[in-house]
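First the proteins, then the strands, lettered A, B, ... as listed; each starts at 1. Treat the numbers as computed from the prediction; the structure is a model and nothing was measured.
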2 protein chains.
Amino acid sequence: MQLREASSTNSTEAVTARLRELILRGALPQGERVTESGLASLLQVSRTPIRLALATLQQEELVEGAPNRGFRVRRFTLEDLREIIEVRATLEGMAARLAAEKGMSQQQEDTLVRCIDELEELIASGACDHATFQRFSEINIAFHATITEIAANAALTRSLERTTNLPFRSAPMLYVLPRDEALMAMSESQRDHKRLLDAIRQCQGARAEFLMREHALIPLAKAALLIEHMDAALTIPAAADGTF
Amino acid sequence: MQLREASSTNSTEAVTARLRELILRGALPQGERVTESGLASLLQVSRTPIRLALATLQQEELVEGAPNRGFRVRRFTLEDLREIIEVRATLEGMAARLAAEKGMSQQQEDTLVRCIDELEELIASGACDHATFQRFSEINIAFHATITEIAANAALTRSLERTTNLPFRSAPMLYVLPRDEALMAMSESQRDHKRLLDAIRQCQGARAEFLMREHALIPLAKAALLIEHMDAALTIPAAADGTF
DNA sequence: AGTGTTTGAATTGCATGCAATCATATGTCA
DNA sequence: TGACATATGATTGCATGCAATTCAAACACT
């Protein structure tokens with residue numbers, strides 16, 4: 001899912017996307033100090049596009065910077081994740097409510113149904129490997145994106161996009177769980193999806209809202225595991241603690 | 001209310017704040033094309049800080065830019081305002097709920113009470129002039145900021161800040177109303193404030209949430225008036241607004 | 001030894017030059 | 001006369017140089 005419009009030949013956009021990926025995938029350890037010249041030589045461009053990109057990522061809160069003192073990769077605490085997930089749940093709930101209130105086109109309904117069917121197959125297959133989780137995540141994202149589309153509120157869509165860029169989102173949640181719990185999580189998730197579709201079909205705004213809120217809070221319970229997982233991935237001693 | 005941390009001697013920050021002000025105050029007409037060199041000579045700096053500032057304002061959606069084709073001041077339609085206000089209402093509702101659920105310190109409660117008392121005086125005075133509206137707006141903002149503080153969710157605070165930067169927010173709403181309607185609006189607003197405080201005191205999360213949601217939707221009814229007012233204001237050739 | 005000061009390397013912040021891109025106006029041909 | 005191609009001017013995008021600031025280590029001093 002592209003966040004911005006079509007990727008131009010533009011170097012700044014490319015650098016921004018590249019850096020975002022590096023951070024989100026954990027290639028740049030949290031808390032790591034990044035210098036303009038360092039990134040410039042890493043990505044083979046001059047400091048100018050780097051500078052622009054860092055300003056953008058600062059707005060996205062993926063890096064934090066102090067004036068005259070450069071930037072460092074943001075460190076997400078457990079509390080940060082909790083807060084972001086809560087905001088996200090509220091916004092997703094709003095999307096579900098709007099979707100129920102405004103109603104959906106036949107095509108949109110078909111899309112939701114298709115997502116649910118495909119998830120159903122996936123779960124029924126009993127598979128529990130990397131590819132399955134990946135696929136689950138993709139369909140899940142598509143389902144939510146469709147509801148957001150039905151909600152038809154551009155400001156809401158933007159706000160949601162802004163709370164989306166977390167390191168290790170969604171799919172990785174499943175990796176850190178034992179097999180049976182992963183299967184259980186997918187089943188519960190799927191049950192929510194069905195209820196959501198039902199609520200939206202019947203224009204039950206409040207029900208849709210609170211179903212979605214709860215649904216979007218699922219990651220909350222596993223946030224601690226995620227943090228551990230992240231820290232484990234960051235075995236490299238991120239230059240001691242805070243410094244600033 | 002400062003959006004960023006303390007203003008440094010930094011030129012880019014200054015330019016960003018300056019441009020933001022120009023746009024929010026309507027000195028730069030909506031839809032106006034802005035060139036880097038134009039702004040550079042206007043603000044007496046080189047293109048570099050302008051460039052950074054525009055990138056920031058683009059993230060804030062105050063300007064929109066196409067690659068290789070520069071930027072223009074964003075044009076807010078009635079629909080845009082409606083959508084933003086709805087998102088804002090949802091987020092403010094969340095803040096109120098969290099505030100009720102988490103509870104407030106004595107000092108925070110005192111602040112809320114003081115806001116309410118001061119608003120009460122203001123309304124009782126029956127005054128209906130520029131200064132009154134200004135003061136009303138200030139106290140109102142303080143009231144909401146305090147609730148957001150009580151909610152104690154940094155991600156939520158950030159999301160709210162991001163939906164705050166609208167041209168002509170809050171206070172100007174009152175200017176465009178006839179005297180009796182303005183007084184009525186302030187009274188209704190005040191009644192909501194009292195109920196909100198009561199709900200938060202009693203830890204009634206759901207009640208607080210929906211009271212706040214409705215409360216934050218008040219501007220919705222007047223959005224059309226706002227748009228008219230904005231368009232009217234833009235017939236004046238901008239430079240008149242003091243500044244330069 | 002501990003604290004305050006100074007000096008220097010590293011880095012950011014800003015200005016400017018140049019190439020690439022886009023918009024507009026001009027010219028050519030059917 | 002109209003449509004297409006071309007050329008020119010303006011503007012953006014990027015690279016680089018230089019001044020200003022910061023951080024850290026060495027030094028002097030109490």
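- Ion pair Arg75(A)/Asp80(A) not flagged as a salt bridge, since none of the NZ, NE, NH1 or NH2 atoms sits closer than 4.0 Å to an Asp/Glu carboxylate oxygen.
- Between Glu61(A) and Arg20(A) no salt bridge is recorded (no basic side-chain N to carboxylate O distance below 4.0 Å).
- The CZ atom of Arg72(A) sits 15 Å away from the C1' atom of dT12(C) (whole-angstrom rounding).
- Distances shorter than 4.0 Å separate some side-chain N or O of Ser11(B) from OP1 or OP2 on dC14(C).
- Partners of Arg47(A) according to the side chain to side chain donor-acceptor pair (under 3.5 Å) rule, which considers only residues two or more places apart in sequence or in another chain, are Glu36(A).
- For the OP1/OP2 pair of dC14(D) and a distance below 4.0 Å, the side-chain nitrogens and oxygens of Thr12(A) include at least one atom meeting the criterion.
- Regarding contacts with the backbone of dA20(D), every side-chain N or O of Asn10(B) stays at 4.0 angstrom or more from both OP1 and OP2.
- Between Arg72(A) and Glu32(A), none of the side-chain N atoms (NZ, or NE/NH1/NH2) sits under 4.0 Å from a carboxylate O, so this pair counts as no salt bridge.
- Judged purely by distance below 3.5 Å, without hydrogens or angles, the side chains of Gln58(A) and Glu64(A) never pair a donor atom with an acceptor atom.
- In this structure, Arg33(A) places its CZ atom 13 Å from P of dT22(D), rounding to the nearest Å.
- Shown for residues 44-52 of chain B: residues whose heavy atoms fall under 4.0 angstrom of DNA chain D, namely Arg47(B), Arg51(B).
- Put simply, CD on Glu36(B) is 14 Å from C1' on dG17(C), counting in whole angstrom units.
- At whole-Å resolution of the value, CG in Leu43(B) and C1' in dA15(C) are 15 Å apart.
- For the OP1/OP2 pair of dA23(C) and a distance below 4.0 Å, the side-chain nitrogens and oxygens of Arg69(B) include at least one atom meeting the criterion.
- Here the nucleotide nearest the side chain of Asn68(B), chosen from dC14(C), dC14(D), dT12(D), is dT12(D).
- Ring-plane geometry between His144(A) and His215(A) is classed as parallel, the angle between the planes falling under 30 degrees on a 0 to 90 degree scale with a further cut at 60.
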